[in-house]
Amino acid sequence: MAAKRYVFITGASSGIGFQFARYCAQRGDALLLVSRSAERLQKAADHIRTQYAADVLTLSCDLTQPSAVADVMEWLDTVQIVPRLIIHNAGFGAFGAFHQLPEESIEEQIAVHDLFPLCFTRRILPRLLEAPPATILFIASTAAFAPVPFLNVYAAAKALQLHSALALRAELDGTGVQVSCCCPGPVATGFFDTAQMSNRPPFPLRLMDPETVVRYTMRQLERGKALIIPGALNRWIARFSQWMPKTTAARIAASLYRRQLNKRK
Ligand SMILES: NC(=O)c1ccc[n+]([C@@H]2O[C@H](COP(=O)([O-])OP(=O)(O)OC[C@H]3O[C@@H](n4cnc5c(N)ncnc54)[C@H](OP(=O)(O)O)[C@@H]3O)[C@@H](O)[C@H]2O)c1
């Protein structure tokens, strides 16, 4: 009997991460799910077990904590599993004027989007390289392509994720470990409530549903794509914002998001 293929997903209790978990369970993968809130994670895991008879292991862990990498590695050592697919998905955005952001939210955004995924990847990589093939997928955002005022730290943290993922991909070329980065545009999840912003994007973008985002991403991942941008309009916006001078992109984004911030007040 073939060994089970384990997929490790962070932020699996809701939204995009939960849909990745469902997709993978449906195709027969076993799951290692991590999120902060134990109750929501358990509920998500129970749903997947019942629906797909999948093997699901969970770890409740706040990935912004300095001990998070060690805690997750200890868990993987205890269960003696090397995942074949790693999806770095957990995250949140803090929307607002930079000088009013709580300092801890700056630290937490950088920790959850950058420090945890990169330090964990560094720790697990030797195991993946010993027994390829394996895949690492980073969930960044179209916000990674330009500076975004009022989502300053979020966009900058996503830019670091994107650059680091693509650099690592080139570094690992030919090793059997594939690294890809998905940059979704606005998706209908709890993200906007957490960020305390309206879920109506400030320009004519439709919110994509998380199932479509995941289906598209997994198809592209299987084709070995480096950069995955779900949605034709999002792909166009990403291309356009890379071509534009960063100062111009920042000014346009500032005027769009300022309007949204004013509506919140
Ligand atoms: N929705 C969008 O428009 C959009 C667009 C582009 C990119 N993204 C990215 O997609 C990813 C998933 O977001 P989503 O839209 O699915 O939002 P979501 O529904 O709010 O889900 C976020 C997930 O991340 C987990 N999480 C947050 N902070 C965590 C922490 N400190 N430790 C552990 N887990 C943590 C949450 O767990 P608990 O809440 O259960 O603790 C939850 O499972 C994020 O990286 C986000 O930046 C979202």
Side-chain angles (χ1 to χ4, degrees), residues 8-23 31-45 47-48 58-69 71-72 75 87-95 104-117 120 137-146 148 151 153-162 165 181-203 205-214 216-217 228-231 233-235 237-238 260:
F8 171 94
I9 307 171
T10 66
S13 64
S14 63
I16 298 171
F18 177 61
Q19 292 304 330
F20 271 118
R22 283 189 59 202
Y23 182 100
L31 303 175
L32 298 157
L33 306 182
V34 180
S35 266
R36 186 181 33 192
S37 102
E39 201 182 318
R40 293 210 303 161
L41 183 60
Q42 216 39 63
K43 213 168 144 202
H47 173 88
I48 289 167
T58 60
L59 177 71
S60 155
C61 178
D62 182 346
L63 301 179
T64 65
Q65 292 305 304
S67 64
V69 173
D71 294 345
V72 174
W75 178 52
I87 305 182
H88 289 302
N89 164 81
F92 75 101
F95 178 58
E104 61 270 19
S105 106
I106 297 177
E107 289 166 5
E108 285 169 4
Q109 286 179 88
I110 294 170
V112 75
H113 295 122
D114 301 323
L115 291 178
F116 177 82
F120 175 72
L137 174 66
F138 288 81
I139 308 301
S141 164
T142 46
F145 295 110
V148 184
L151 274 172
V153 180
Y154 176 73
K158 289 300 193 185
L160 190 151
Q161 233 183 16
L162 170 64
C181 187
C182 168
C183 291
V187 186
T189 67
F191 177 87
F192 297 93
D193 283 344
T194 308
Q196 297 188 329
M197 65 194 290
S198 155
N199 68 359
R200 291 214 184 104
F203 31 78
L205 275 178
R206 274 192 316 128
L207 284 174
M208 290 184 77
D209 75 84
E211 265 180 280
T212 309
V213 168
V214 165
Y216 177 82
T217 302
I228 302 167
I229 306 176
L233 188 54
N234 292 326
R235 285 193 283 284
I237 287 173
Q260 226 191 48

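This is a predicted model, so every value here is computed, not measured. FYI, side chains are in, hydrogens and waters are out, and symmetry mates aren't considered; it's all heavy atoms of this structure. Numbering of ligands and ligand atoms starts at 1, following listing order. Note that the numbering runs from 1 along the sequence shown for the chain.
Residue Ala111 comes nearest to Thr64 through the heavy atom pair CB-CA, 3.8 Å, listed as atom of the first residue, atom of the second, then distance. Between Leu31 and Ala21 the shortest heavy-atom distance is CD1-O, 3.5 Å. The minimum heavy-atom distance linking Ala144 with Leu162 is given by the pair CB-CD2, 3.9 Å. A pairwise comparison of heavy atoms in Ala165 and Phe138 identifies CB-CD1, 3.5 Å as the closest pair. Closest heavy-atom contact between Met197 and Leu151: CE-CD1, 4.2 Å. Across all non-hydrogen atoms, the minimal contact from Pro186 to Asn234 is CD-OD1, 4.1 Å.
Atoms of ligand 1 found under 4.0 Å from any heavy atom of Pro186 (numbered from 1 in listed order, with element): 3 (O). Less than 4.0 angstrom separates some heavy atom of Gly15 from each of these atoms of ligand 1: 16 (O), 19 (O). Within ligand 1, counting atoms from 1 as listed, the ones closer than 4.0 Å to a heavy atom of Gly190 are 19 (O), 20 (O). Interface of Ala12 with ligand 1, defined as ligand atoms under 4.0 Å from a residue heavy atom, comprises 43 (O).
Residue Val187 has at least one N or O atom closer than 3.5 Å to an N or O atom of ligand 1. Residue-to-ligand polar distances place Gly11 within reach of ligand 1: an N/O pair is separated by less than 3.5 Å. Between Leu63 and ligand 1, at least one pair of N/O atoms sits closer than 3.5 Å. Not a single N or O atom of Ser141, backbone or side chain, sits closer than 3.5 Å to an N or O atom of ligand 1.
With a heavy-atom cut-off of 4.0 Å, Phe192 touches ligand 1 through its side chain alone. Contacts with ligand 1 closer than 4.0 Å are made by backbone heavy atoms (N, CA, C, O) of Cys61 only, the side chain lying farther away. Of the heavy atoms in Ala140, only backbone atoms (N, CA, C, O) come closer than 4.0 Å to ligand 1. With a heavy-atom cut-off of 4.0 Å, Ala188 does not touch ligand 1 at all. Contact annotation for Glu108 and ligand 1: no heavy atom of the residue comes within less than 4.0 Å of the ligand.
In this structure a side-chain-to-backbone donor-acceptor pair under 3.5 Å is present from Gln109 to Ala94. Checking side-chain atoms of Thr10 against main-chain N and O of Ala90 turns up a donor-acceptor pair under 3.5 Å. Looking at Ser60, its side chain does come within 3.5 Å of a backbone N or O of Arg36 through a donor-acceptor pair. Not one N or O on the side chain of Ser13 forms a donor-acceptor pair closer than 3.5 Å with the backbone of Ser35. Lys158 places a side-chain N or O within 3.5 Å of a backbone atom of Ile139 that can act as its donor or acceptor partner.
Contact annotation: the side chain of Phe20 approaches that of Thr217 to within less than 4.5 Å [non-hydrogen atoms, C-beta and beyond]. Ile237 has its side chain out of reach of Thr142: every pair of non-hydrogen atoms, C-beta onward, lies at least 4.5 Å apart.
In this structure, Lys158 has a heavy atom closer than 4.0 Å to ligand 1.
Of the protein's non-hydrogen atoms, the one nearest atom 22 (C) of ligand 1 is Gly91 O, 3.6 Å. Closest to atom 48 (C) of ligand 1, if we only count protein heavy atoms, is Ile16 CD1, 3.9 Å. In terms of protein heavy atoms, atom 40 (O) of ligand 1 is closest to Ser13 OG, 2.6 Å. Counting protein heavy atoms only, atom 5 (C) of ligand 1 is closest to Gly185 O, 3.1 Å. The single protein non-hydrogen atom nearest to atom 26 (N) of ligand 1 is Ala90 CB, 3.9 Å, given as residue, atom name and distance. The closest protein non-hydrogen atom to atom 18 (P) of ligand 1 is Ser14 OG, 3.6 Å. Shortest contact from atom 47 (O) of ligand 1 to any protein heavy atom: Tyr154 OH, 2.6 Å. Among protein heavy atoms, the minimum distance from atom 34 (N) of ligand 1 is reached at Arg36 N, 3.4 Å.
His113 and Tyr154 have their aromatic ring centers within a separation under 6.0 angstrom.
Of the options Asn89, Ile139, Leu59, Asp62, the smallest heavy-atom separation from atom 45 (O) of ligand 1 is shown by Asn89.
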